[in-house]
Q: 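First, the structure itself, so that you have it in front of you.
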Amino acid sequence: MRLTRDTLMPDKKDPVFSRSVVEFTAAANEFCKYAEHASEINGNELLRIFQRILPFLYIKASLLPSLDPFFEDGNENFVTESDWFRIHDTLREKFGSADDFPEISDEPLSTSDVVVLSSLSENIADIYQDLKDYLLLYQTGTREVMNDAVWECRQSFEDYWGNRLVNSLKAIHRFIYCGEEIEKIDTGGIEGSDRDTSSWFMTRRQKEWGGNGE
């Protein structure tokens with residue numbers, strides 16, 4: 001973190017420097033650390049690590065203060081497509097047979113007989129994307145930027161990655177306690193996969209960026 005007068009002598013009454021934000025930032029940093037070093041960890045152990053981190057992260061995110069943004073434009077994004085795919089591909093290889101799980105939907109079961117598969121690696125890479133962007137913005141030491149980082153992260157938690165976290169945790173719980181061990185699978189690479197990639201980083205972010213790349 002770049003040290004400034006604000007970071008050295010923060011106003012304890014300022015919600016940007018509140019205990020809830022500091023504790024969430026620590027939880028987000030821990031999550032990102034394990035996502036970035038997943039290649040060094042056994043897949044079964046990695047599942048158990050995320051089993052413990054995800055509930056803590058959810059609690060801390062739910063306690064983030066409600067703030068108003070300073071800037072009209074959206075925050076800067078730091079996580080690139082290549083960053084996202086690097087995290088996703090490593091996690092998918094590590095999770096192996098535990099990666100795919102039935103999508104947990106809010107729709108009544110009677111409305112469809114089709115089982116849609118979701119992916120732990122995709123969900124966790126999406127969560128990583130938002131949290132890493134948050135961390136890099138919060139660590140600027142500029143109060144207005146930090147404020148908007150908290151504001152945007154809370155909005156994203158409520159609207160998007162909070163659901164992905166909950167679904168992933170249920171899938172992890174189910175796999176850990178079914179008594180199975182992870183088996184390696186042949187993913188065939190991103191381009192060769194038969195899975196629907198419509199919600200993956202490239203397509204989703206390109207829609208946000210108006211069809212452009214990075």
Q: For the residue pair S156 and D130, what are the closest heavy atoms and their distance?
A: OG-OD2, 2.5 Å

Q: Looking at S18 and P15, what are the two nearest heavy atoms and their distance?
A: OG-O, 2.8 Å

Q: My understanding is that only one of F157, W161, F31, F50 makes a ring pair (Phe, Tyr, Trp, His ring centres under 6.0 Å) with Y58; could you say which?
A: F157

Q: Sequence neighbours excluded, which residues qualify as side chain to side chain contact (heavy atoms under 4.5 Å, CB included) partners of P55?
A: L169

Q: What residues form a side chain to side chain donor-acceptor pair (under 3.5 Å) with N75, not counting sequence neighbours?
A: E152

Q: Describe, in one word, how the ring planes of Y177 and H173 are oriented to each other, choosing from parallel (under 30°), tilted (30 to 60°) and perpendicular (over 60°).
A: tilted

Q: Treat each ILVMFWY residue as a node, draw an edge where side-chain heavy atoms are under 4.5 Å apart, and state whether F17 and L136 are in one component.
A: no

Q: State the CZ-CG distance between R52 and L57, to the nearest 0.5 angstrom.
A: 15.5 Å

Q: Could you give the distance from OG1 (T80) to CG (D83), rounded to the nearest 0.5 Å?
A: 3.0 Å

Q: Are any side-chain N or O atoms of D99 and backbone N or O atoms of S121, one a donor and one an acceptor, separated by less than 3.5 Å?
A: yes

Q: So how far is it from I49 CD1 to L54 CG, rounded to the nearest 0.5 Å?
A: 11.5 Å

Q: Can you name the side chain to side chain donor-acceptor pair (under 3.5 Å) partners of E76, sequence neighbours left out?
A: none

Q: Is the centre of the F24 ring less than 6.0 Å from the centre of the Y134 ring?
A: yes

Q: Tell me whether D73 at atom CG has more than 12 heavy atoms from other residues, nucleotides or ligands lying less than 6.0 Å away.
A: no

Q: Ignoring hydrogens, what is the shortest heavy-atom contact between V16 and R143? Give both atom names and the distance.
A: CG2-NH2, 3.5 Å

Q: If we only count heavy atoms from C-beta on, is the K170 to F101 side-chain gap below 4.5 Å?
A: no

Q: Please check if I53 and I124 belong to a single hydrophobic cluster, counting links between Ile, Leu, Val, Met, Phe, Trp and Tyr side chain heavy atoms closer than 4.5 Å.
A: yes

Q: Salt bridge or not between E122 and R92? Use side-chain N to carboxylate O under 4.0 Å.
A: no

Q: Considering only heavy atoms from C-beta outward, does the side chain of L64 approach that of V150 to under 4.5 Å?
A: yes

Q: I'd like to know if F56 and L46 are part of one continuous hydrophobic network [Ile/Leu/Val/Met/Phe/Trp/Tyr, side-chain heavy atoms within less than 4.5 Å].
A: no

Q: From T25 OG1 over to M146 CE, what is the distance, rounded to the nearest 0.5 angstrom?
A: 7.5 Å

Q: Below 4.5 Å, heavy atoms only, C-beta onward: do P102 and R174 meet side chain to side chain?
A: yes

Q: Between R48 and I176, is the side-chain contact (heavy atoms from CB on, under 4.5 Å) condition met? List the steps.
A: CA-CA 8 Å; R48 288 172 173 79; I176 287 177; 3.9 Å; yes

Q: Begin with the C-alpha distance, continue with both residues' side-chain angles, and end with the deciding distance and a verdict on side-chain contact (heavy atoms from CB on, under 4.5 Å) for R154 and L67.
A: CA-CA 9 Å; R154 172 175 166 142; L67 304 176; over 6 Å; no

Q: Going by the rule salt bridge (charged side-chain N to carboxylate O under 4.0 Å, His left out), which residues pair with E30 if we only count those two or more places apart in sequence or in a different chain?
A: K33

Q: Can you get from V21 to L137 by hopping between Ile, Leu, Val, Met, Phe, Trp and Tyr side chains that sit under 4.5 Å apart?
A: no

Q: Can you name the one residue among I172, L91, D100 that meets side chain to side chain contact (heavy atoms under 4.5 Å, CB included) with L120?
A: I172

Q: So F95 and S119, do their side chains get closer than 4.5 Å, heavy atoms only?
A: no

Q: How many angstroms lie between atom CG of L47 and atom CD of E181, to the nearest 0.5 angstrom?
A: 9.5 Å

Q: Quick one: do I87 and L135 end up in the same hydrophobic cluster if we chain Ile, Leu, Val, Met, Phe, Trp and Tyr together by side-chain heavy atoms under 4.5 Å apart?
A: yes

Q: What residues join L63 in its hydrophobic cluster, counting side-chain heavy atom gaps under 4.5 Å, either direct or through other members?
A: I59

Q: Taking C32's backbone N and O only, do any of them form a donor-acceptor pair with K132's side chain (distance below 3.5 Å, no angle check)?
A: no

Q: So, the side chain of D148 versus the backbone of F71: is there a donor-acceptor pair under 3.5 Å, distance only?
A: yes

Q: Check whether N77 reaches the backbone of D133 with its side chain - one donor and one acceptor, N or O, closer than 3.5 Å.
A: no

Q: Without hydrogens or angle criteria, can the side chains of D126 and Y160 be said to hold a donor-acceptor pair below 3.5 Å?
A: yes

Q: With H37, which residues qualify under side chain to side chain donor-acceptor pair (under 3.5 Å), at least two apart?
A: E40

Q: Measuring from atom CD1 of I182 to atom CD of E180, what distance do you get when rounded to the nearest 0.5 angstrom?
A: 10.5 Å

Q: For residues I185 and G96, report the shortest heavy-atom separation together with the two atoms involved.
A: CD1-O, 3.4 Å

Q: Can you check whether N167 reaches S118 side chain to side chain, under 4.5 Å on heavy atoms?
A: no

